[in-house]
Structure formats: structure tokens, C-alpha cells
Undergrad: 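Here it is, the structure, as C-alpha cells.
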Amino acid sequence: MITIGVDDTDSEYGLCTTYLAATMMARLEEIGVVRGLPKLVRLNPAVAFKTRGNAAVAFTLDTDRPEEAKEIALRTVLELSDFSGPNTNPGLVVAEEVPAELTIFYRRALHEVLDVGEAEEILERHGLWSRSFKNRRGLIGALAAVGAEFSDWTYELLAYRVPERWGTPRKIDEESVWRADALTYPRTWDTVDHRNRKVVFAPHSGDPVLFGIRGEGPEPLEEALETIRSEAYERAVIYRTNQGTDAHILRAEISEAAEDGSYRLRGVVAQGAKPIEGGHLFFPLRAEEGNSAINCAAFEPTKNFRKVVRSLLPGDVIEVYGAVRRGTLNLEKMEVVALADGVDQKAPICSGCGRRMESAGRGQGYRCKRCGTKAEGKVLAAIPREIEEGFYEVPPSARRHLSKPLVRMRGEKVHPSR
Ligand code: ATP
């Protein structure tokens with residue numbers, strides 16, 4: 001039995017590490033049997049040099065010809081990597097036994113930004129076979145994928161286009177996609193974005209992926225696939241994945257949040273959210289004790305989620321989830337734990353007619369024109385709250401691969417974005 005991990009073979013211009021792995025598996029089936037489902041492993045979403053979603057792939061092959069398997073794997077990497085991409089640095093790792101240290105490395109690769117030297121030290125210490133190209137960075141993802149053990153997982157079915165159609169517009173019957181969603185949600189999710197009336201399961205780039213269906217198990221994915229009408233695909237592969245699990249999120253205090261890490265932080269809204277040009281919203285969150293604080297952001301692509309953020313008032317206790325980039329936590333979701341009693345100063349209500357009084361002039365209190373009632377100054381009035389306690393999330397079109405969608409959160413008060 002050998003475990004093969006691969007990463008960083010594609011570029012912004014084309015190809016895809018999962019497609020390469022899918023082709024590699026098909027070729028290796030000639031000399032062995034792929035055991036279980038391949039792992040689609042998402043790593044730290046905050047690493048700057050990822051092409052798209054920081055994905056790596058690993059799978060286990062039962063074979064009595066490991067040397068030949070390595071050769072086939074290497075030949076596939078050489079053939080299907082986009083070496084022209086400035087940011088393509090392929091890594092390939094083969095392990096006959098997976099040392100426990102690799103699982104620790106996987107966990108660190110979710111939370112930290114690691115150096116390729118560390119990956120090489122581990123490879124050497126355990127005498128693992130590997131091949132790497134250019135700046136060799138792909139070894140980090142390949143090694144982490146080999147070591148990945150999931151405490152929670154979901155599934156994704158990826159359908160790959162026939163090579164002749166790469167780079168051409170995808171032919172997908174959208175109506176059939178909505179039907180597939182209606183049939184399989186909530187066992188599948190993020191196929192469509194209802195609020196934004198968009199099909200979101202297909203990329204628009206020139207890569208080989210036709211579409212991806214995400215869900216709780218292989219069966220609903222297959223059910224959705226049968227419903228979807230589209231151009232013919234070369235192959236479809238189901239992966240077991242850490243997507244949709246919050247594997248990247250660490251529970252921490254605001255003072256502990258470090259650059260490029262992803263956290264769940266509890267705090268008190270210090271000020272209402274302020275917009276900047278482009279429709280991005282920012283608000284400061286301070287610790288319940290002590291004086292540490294962090295800026296939180298809901299960027300324009302988070303669309304209707306910003307309405308929830310705009311409704312927050314100073315004093316609301318919330319828990320935010322997201323990655324810290326340049327000192328700001330980019331919101332993926334949040335839990336409104338306790339709403340503050342929002343109060344505002346307003347003109348008093350007339351005891352005669354029940355309407356709000358008007359100012360009688362500067363420094364002269366308030367009066368009711370109809371009844372002639374007078375009052376001295378403003379009174380405190382409750383601000384009606386537009387949000388409730390519970391979880392809120394960004395819409396499917398803005399979801400991070402690793403983010404656990406609310407549809408998967410059982411026993412919590414959730415407001416899923418669909
Ligand atoms: P795609 O999703 O299309 O496969 P990608 O977004 O996965 O592309 P890659 O081309 O795989 O992007 O680039 C990510 C690079 O970052 C790889 O070289 C990988 O080894 C490396 N990497 C992954 N996680 C970390 C980490 N925690 N620290 C440092 N480097 C990392």
C-alpha cells in the first residue's frame with residue numbers, strides 16, 4: 001500500500017491538480033487498486049501564492065509494483081503540469097507508511113504559512129520518496145495531503161471536461177442545475193445561490209473542471225449528477241474532503257489572532273459598521289475583557305451578508321469566523337450571541353394623541369402641535385433590531401472552500417444563506 005500526494009501543478013492559465021490526480025489514478029489502476037476515495041485537501045486559505053483555493057490531493061494505492069507506480073505518477077506530473085506558470089511549483093510525495101508527524105504537518109498547514117525547507121526535513125527524516133520542481137513549494141501541500149486526517153469531512157464530485165473543450169464556454173443546462181438543487185438540498189449545497197439567482201458550482205476559467213457538486217455523501221452527489229444536463233465530460237471523480245468543515249478555524253482570544261491564521265473570536269461590537277468605497281464594510285470588535293480589538297471586514301462580494309453586518313450595534317456580543325489578512329479579519333460567518341438593547345434619544349410621545357412631539361425651537365423643549373402638550377427634553381427609545389441571535393453566513397457565491405456552511409450545523413439557531 002502506498003499513499004501518493006501531489007500539489008501545485010496548475011496555473012491561473014490552465015490545468016488543475018485534481019485533474020492531474022484523477023488522470024494519475026486512472027493510469028495507476030493498471031498496476032493496482034485505488035483504496036477508498038481520494039482526499040481533496042484544502043490548506044491555509046490565507047497563503048498568498050495559491051492559484052485559487054489552495055487544494056492538494058492524496059490517495060492510497062494497493063500495488064505490489066511501487067517503483068513502477070512512482071514512475072507513472074512522475075510521468076503524469078511532468079506531462080500534465082503547467083510548467084509555464086510563474087507560480088507553478090509541482091511537488092509529488094509517495095509514502096509506504098504515513099508517519100504520525102505528517103498529520104501534525106497537515107494541521108499546521110491549515111493554520112500557518114510554512115517553509116518548504118520544513119517539508120524537506122520531514123521527507124528526509126522519514127526517508128520518503130519525493131520529486132519537486134522549480135522552487136519546490138508544492139512539496140508542502142503534497143506532504144500535508146499525504147498526512148491529512150479529517151475529524152469531520154464532506155464530499156465533492158468533480159466532473160472534468162474533454163480536453164478538446166478546455167478554454168471554451170461551458171455548456172450546462174441551468175434549469176437542470178436548479179432542479180438538481182431542489183432535489184438534493186440540504187444533502188448537497190452551494191450548487192446555486194438563491195438570493196443572488198446564480199449557478200455557482202462551475203468555474204469560468206479555462207481549467208478542466210466542468211463543475212463540482214458538494215454534499216454530505218456520495219449518494220446525493222450522484223443523484224444530483226444524474227439530474228444535471230451538460231456537455232459530455234471525460235470523467236467524474238468523488239473526493240472525500242475537509243471542505244465545509246471549518247478545519248482551518250482555531251478558537252482564540254482576540255489578542256492571540258495572528259496574521260494569516262483563521263479564527264473564531266468572541267467580542268463586543270465597539271462601533272457600528274462603516275462603509276468604504278466599493279461597498280466594503282468594516283467594524284471594530286473588542287475583547288469582552290482587556291483592551292485588545294480587531295477590525296472585521298465584510299467585503300462587497302459577501303453581498304446580502306453585509307445587511308446583517310450593517311445591523312450590528314455597539315454592545316452586541318458576537319463570535320466572528322474568518323482569516324486575518326493585513327490585521328483585518330475577513331468575515332466568513334458570525335454568531336450573534338447577545339443583542340444589546342439598542343437605545344436612541346428621541347422626541348417624547350404626546351400623552352394625548354400618541355404621536356411623536358416636535359421641537360419647539362432651540363432650547364425650548366418639545367410640543368405637540370395638535371394637543372398643545374409640552375415636554376422638556378428627549379427621551380430614550382428602543383431601536384427595533386433587524387437581526388436575531390444565531391448564526392449568519394456569507395452567500396454560497398462568496399464561500400471559502402473550508403468554511404462550514406450553516407446547513408451543516410445541527411442543533412444551532414442558524415440563518416442559512418441559500
Ligand atoms: P488549485 O486550487 O487550482 O489547485 P491552488 O490554489 O491549490 O490551486 P496551488 O497552485 O496549489 O494553488 O498553490 C498553493 C501552494 O502553496 C502550493 O505550492 C502548496 O504547497 C503551498 N502551500 C499550501 N499550504 C501552505 C502553507 N500552509 N504554507 C506554505 N505553503 C503552503
Side-chain angles (χ1 to χ4, degrees), residues 4-24 38-59 76-77 80-93 102-123 130-148 156 158 160-161 166 201-212 214 237 239 241-243 247-250 258-262 323-325 399-403:
I4 301 181
V6 63
D7 195 12
D8 210 344
T9 64
D10 58 350
S11 72
E12 304 84 280
Y13 314 113
L15 292 165
C16 168
T17 298
T18 72
Y19 177 73
L20 184 148
T23 311
M24 192 189 281
K39 289 182 280 183
L40 169 54
V41 185
R42 298 284 175 179
L43 299 168
N44 189 345
V47 302
F49 25 76
K50 67 183 178 181
T51 314
R52 280 178 289 264
N54 202 4
V57 178
F59 60 90
T76 313
V77 169
L80 287 177
S81 295
D82 183 3
F83 284 97
S84 68
N87 232 350
T88 307
N89 303 289
L92 175 66
V93 171
L102 265 55
T103 307
I104 300 167
F105 187 79
Y106 156 66
R107 295 221 186 90
R108 287 185 55 213
L110 280 167
H111 307 300
E112 300 169 38
V113 177
L114 303 170
D115 191 82
V116 68
E118 273 193 72
E120 287 176 323
E121 267 171 40
I122 294 175
L123 285 164
S130 72
R131 290 292 179 270
S132 52
F133 302 91
K134 294 167 71 184
N135 77 14
R136 313 186 304 284
R137 195 186 284 134
L139 283 177
I140 299 172
L143 191 64
V146 169
E156 177 157 11
L158 285 169
Y160 300 104
R161 312 183 75 191
W166 294 357
F201 82 146
H204 296 284
S205 49
D207 67 84
V209 173
L210 179 59
F211 53 72
R214 297 173 175 199
V237 176
Y239 298 86
T241 174
N242 60 355
Q243 287 171 178
H248 61 316
I249 299 283
L250 285 177
E259 192 64 16
D260 295 328
S262 299
V324 177
R325 297 295 305 270
R399 178 130 39 228
R400 278 260 152 105
H401 299 291
L402 278 165
S403 272

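Read the numbers this way: they start at 1 and go in the same order the structure lists the ligands and their atoms.
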Undergrad: Under 3.5 Å, side chain of Asn54 to main-chain N/O of Asn44, donor-acceptor pair present?
TA: yes
Undergrad: Between His248, His401, Arg137, Glu118, flag the one that comes closest to atom 20 (O) of ligand 1 by a heavy atom.
TA: Arg137
Undergrad: Any N or O on Leu139 sitting closer than 3.5 Å to an N or O of ligand 1?
TA: no
Undergrad: Would Gly141 count as being in polar contact with ligand 1, using the rule that some N or O on each side must be under 3.5 angstrom apart?
TA: yes
Undergrad: Do any nitrogen or oxygen atoms of Val113 lie less than 3.5 angstrom from nitrogen or oxygen atoms of ligand 1?
TA: no
Undergrad: Given Leu143, Leu114, Val6, Asn89, identify the one with the heavy atom nearest to atom 29 (C) of ligand 1.
TA: Leu114
Undergrad: Show the atoms of ligand 1 that are less than 4.0 angstrom away from any heavy atom in Ala109.
TA: 27 (N)
Undergrad: Is the backbone N or O of Asp82 less than 3.5 Å from a side-chain atom of Thr88, with the two atoms forming a donor-acceptor pair by type?
TA: yes
Undergrad: Using side-chain contact (heavy atoms from CB on, under 4.5 Å) as the criterion, list what pairs up with His401, not counting sequence neighbours.
TA: Arg42, Arg214, Gln243
Undergrad: Of all heavy-atom pairs between Glu118 and Arg108, which one has the smallest distance, and what is that distance?
TA: OE1-NH1, 2.8 Å
Undergrad: If I take atom CZ from residue Arg400 and atom NE2 from residue His248, how far apart are they, to the nearest 0.5 angstrom?
TA: 7.0 Å
Undergrad: Quick check: does Glu112 get an N/O under 3.5 Å from an N/O on ligand 1?
TA: yes
Undergrad: N/O to N/O below 3.5 Å, does that happen between Asp8 and ligand 1?
TA: yes
Undergrad: Using side-chain contact (heavy atoms from CB on, under 4.5 Å) as the criterion, list what pairs up with Ala148, not counting sequence neighbours.
TA: Lys39, Val41, Tyr106, Phe150
Undergrad: What are the two closest heavy atoms between Ala58 and Val146, and how far apart are they?
TA: CB-N, 3.8 Å
Undergrad: Does only the side chain of Asp7 get under 4.0 Å from ligand 1, or the backbone, or both, or neither? Count heavy atoms.
TA: side chain
Undergrad: In terms of atom number and element, which parts of ligand 1 are under 4.0 angstrom from non-hydrogen atoms of Leu43?
TA: 23 (C), 24 (N)
Undergrad: Consider every N or O of Ala142 and every N or O of ligand 1, then say whether any pair is closer than 3.5 Å.
TA: no
Undergrad: Does Gly138 come within less than 4.0 Å of ligand 1, judged by its heavy atoms?
TA: yes
Undergrad: Is it the case that the side chain of Tyr160 and the backbone of Thr23 share a donor-acceptor pair, with hydrogens and angles ignored and the cut-off at 3.5 Å?
TA: no
Undergrad: Does the plane of the ring in Phe211 sit parallel, tilted or perpendicular to the ring in Phe201? Use 30° and 60° as the thresholds.
TA: parallel
Undergrad: For atom 23 (C) of ligand 1, which candidate among Thr9, Asn54, Val47, Asn44 holds the nearest heavy atom?
TA: Asn54
